[in-house]
Amino acid sequence: MPSTDRHTIIIGGGVIGVCCAYYLAKRGARVTVLERDQVGKAASFGNAGSITPDHPPINKPGRVRQALKSLFHPLNPLYVAPKPDPALARWLWIFSRTCTERHLEHAMAALTPLGKTTRRLFDELIENEKLKCYFRGDGYYEVYLTERGWESAREEAAMVSRFGFHPEVISGGALREREPALNDGVAGGVFHPEAASVNPYQFVLEMAQRSESHGAQFLTGSEVTALRAGGEVWSVETRSGEVLESTSVVLAGGAYSVPLLRKLGIDFPLQPAKGYHRDCTPAAGGPELLRHACVLGENMVFCTPMDGFVRFAGTLEFSGVNHEIRRPRLEQITKASARYLNTAANAVIQSEWCGLRPCLPDGLPAVGPLARFPGLFVATGHAMMGLTLGPVTGKLAAECLLDGQPSLDISAFRPDRF
Ligand SMILES: Cc1cc2nc3c(=O)[nH]c(=O)nc-3n(C[C@H](O)[C@H](O)[C@H](O)COP(=O)(O)OP(=O)(O)OC[C@H]3O[C@@H](n4cnc5c(N)ncnc54)[C@H](O)[C@@H]3O)c2cc1C
């Protein structure tokens with residue numbers, strides 16, 4: 001089939017779907033994005049905005065013990081709701097089996113080329129497409145109150161250094177010189193110079209606009225309810241009964257991707273992991289809240305200065321697909337910031353939000369074709385790395401669909417690996 005006759009339908013207008021649209025359309029492919037709501041309004045809207053190329057997956061030795069403890073502590077940053085749910089039980093079983101040194105090495109080896117490429121792609125996008133998304137390429141600080149926490153961060157820094165990243169171990173005093181908002185309780189931390197940050201919603205909107213200018217079409221309010229393969233043509237049905245045809249389909253539905261795959265007979269072990277944010281500004285006349293992006297290590301709270309506010313984001317709550325804001329969990333984000341920042345009392349809450357990260361149990365995303373269904377490309381499961389890995393995922397999807405093979409090894413991300 002001539003490439004001009006080829007048409008790709010992308011399901012989902014989050015950061016992953018929009019990045020796929022951009023890289024396909026930029027290469028001249030015909031692209032239609034179907035988004036059931038509005039572009040960028042799900043998980044991609046309110047995340048911490050951090051681009052973290054050296055971030056390891058949460059699957060690490062010791063995590064199982066931590067997760068088990070959290071069953072009984074609903075305010076723990078990592079929380080698993082204790083309820084009978086066979087899909088969650090299967091997820092936890094695979095998760096527990098992959099919390100090993102060996103798997104961590106495998107995951108880092110697989111993710112590192114994507115992390116390095118995506119960081120370069122962000123620079124290219126900002127430079128060439130002049131994206132207005134409050135991009136800052138000045139890294140972030142991971143900070144700890146306890147010697148034990150700092151020690152585990154130093155171990156992790158040594159581990160990621162072996163993969164060619166350059167984390168810098170810093171004492172509490174030196175941290176306070178660089179970031180005056182950190183209080184005397186901070187024992188030490190690690191600086192991640194390869195990291196960057198953006199306003200994530202602005203990034204998605206800008207990428208959608210650039211995709212459109214390269215010819216991509218966005219249909220919002222279009223929920224895909226069924227997918228059917230027939231020879232070289234896919235039929236994609238929406239809730240209004242409309243049927244669109246395409247030669248390929250990219251499934252980028254984030255945490256909501258499971259029902260469509262189930263209709264194709266695929267048991268995909270994806271679980272939503274809810275996270276929250278609070279956006280804050282300083283009280284009138286008060287000092288600025290924070291100069292640099294920081295992670296409050298023991299509490300897993302990301303604090304990112306954006307355009308005119310600081311976003312405090314965190315928690316990982318496995319409680320199924322729901323958008324209920326559990327206030328005590330949200331409060332934990334504010335309480336944590338008061339333990340690390342001497343400016344916390346000066347923070348005025350401007351908005352609150354929750355969103356669902358799409359998480360696979362081995363901590364790796366699913367990026368690749370499904371062998372049983374030619375023309376179907378899965379791009380989801382990016383967990384806490386979806387913004388970070390958006391550009392490289394889009395580039396890889398375009399390479400697979402237009403060239404037949406990707407420029408990076410994506411075998412570890414096969415969607416049918418479970
Ligand atoms: C609190 C929090 C902090 C985070 N911080 C970071 C961070 O600092 N850095 C980072 O890299 N990542 C971070 N993440 C993770 C990141 O937000 C996600 O990995 C990423 O947004 C996932 O993008 P996505 O496009 O796959 O999913 P989404 O953004 O959820 O988009 C999926 C889209 O698909 C649409 N859709 C679903 N099903 C259908 C259908 N059947 N038909 C049509 N449309 C459909 C949905 O409406 C939605 O718009 C964070 C997440 C949270 C919750």
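Source: prediction; values computed, not measured.
Side chains of Thr8 and Ser246: no donor on one and acceptor on the other come within 3.5 Å. If you check the side chains of Glu399 and Ser407, you find a donor sitting under 3.5 Å from an acceptor. Residues Tyr276 and Glu317 have side chains that bring a donor and an acceptor to within less than 3.5 angstrom of each other. In this model, a donor atom of one side chain and an acceptor atom of the other lie less than 3.5 Å apart for Asn322 and Lys274. A donor-acceptor pair shorter than 3.5 Å cannot be found between the side chains of His192 and Thr52. Residues Tyr144 and Glu142 bring a donor and an acceptor atom of their side chains to less than 3.5 Å of each other. Inspection of the Glu298 and Tyr340 side chains reveals an N or O donor paired with an N or O acceptor under 3.5 Å. In this structure, a donor-acceptor pair under 3.5 Å is present between the side chains of Thr238 and Ser240. In this structure, a donor-acceptor pair under 3.5 Å is present between the side chains of Thr334 and Arg278. Thr281 and Gln350 are linked by a side-chain donor-acceptor pair at a separation below 3.5 angstrom, with hydrogens and angles left out of the test. No side-chain donor from either of Arg329 and Tyr79 sits under 3.5 Å from a side-chain acceptor of the other.
For the pair Lys116 and Phe163, the cation-pi test (distance below 6.0 Å, angle within 45°) is failed. Cation-pi check for Arg148 over Trp150 is not met; the charged atom does not lie both under 6.0 angstrom from the ring centroid and within 45 degrees of its normal.
The closest donor-acceptor contact from the side chain of Glu35 to the backbone of Phe218 lies at 3.5 Å or more, if one exists at all. Judged by distance alone, with hydrogens and angles left aside, the side-chain atoms of Thr315 form no donor-acceptor pair with the main-chain N or O of Leu330 at under 3.5 Å. Side chain of Glu324 to backbone of Arg326: no donor-acceptor contact under 3.5 angstrom is found. Put simply, the side chain of Thr225 gets close to the backbone of Glu237: a donor and an acceptor are under 3.5 Å apart. A donor-acceptor distance shorter than 3.5 angstrom exists from the side chain of His7 to the backbone of Glu245, with no hydrogens or angles considered. Ser337 places no side-chain N or O within donor-acceptor distance of the main-chain N or O of Ala344, the cut-off being under 3.5 Å. Judged by distance alone, the side chain of His166 and the main-chain N or O of Glu194 form no donor-acceptor pair under 3.5 Å. Checking side-chain atoms of Arg136 against main-chain N and O of His292 turns up no donor-acceptor pair under 3.5 Å.
Centroid-to-centroid, the aromatic rings of Phe135 and Phe203 stay 6.0 Å apart or farther. Aromatic rings from His277 and Phe312 are positioned such that their centres are separated by 6.0 Å or more.
Atoms SG and CD1, from Cys99 and Ile58 in turn, are 7.5 Å apart once rounded to the nearest 0.5 Å. Going from atom CG of Leu227 over to atom OG of Ser235 covers 9.5 Å, rounded to the nearest 0.5 Å. The distance from the CD atom of Glu223 to the CZ atom of Arg36 is 5.5 Å, given to the nearest 0.5 Å. For the atom pair CE (Met159) and CD (Glu101), the distance works out to 8.0 Å, reported to the nearest 0.5 Å. Atoms OH and OG, from Tyr201 and Ser44 in turn, are 11.0 Å apart once rounded to the nearest 0.5 Å. Interatomic distance, Glu179 CD to Thr343 OG1, rounded to the nearest 0.5 Å: 7.5 Å.
For residues 353-377, every residue pair satisfying the side-chain hydrogen bond (donor to acceptor under 3.5 Å, both in side chains) rule, not counting sequence neighbours, is listed here: Asp362-Arg417.
A salt bridge links Arg291 with Glu288: at least one charged nitrogen is closer than 4.0 Å to a carboxylate oxygen.
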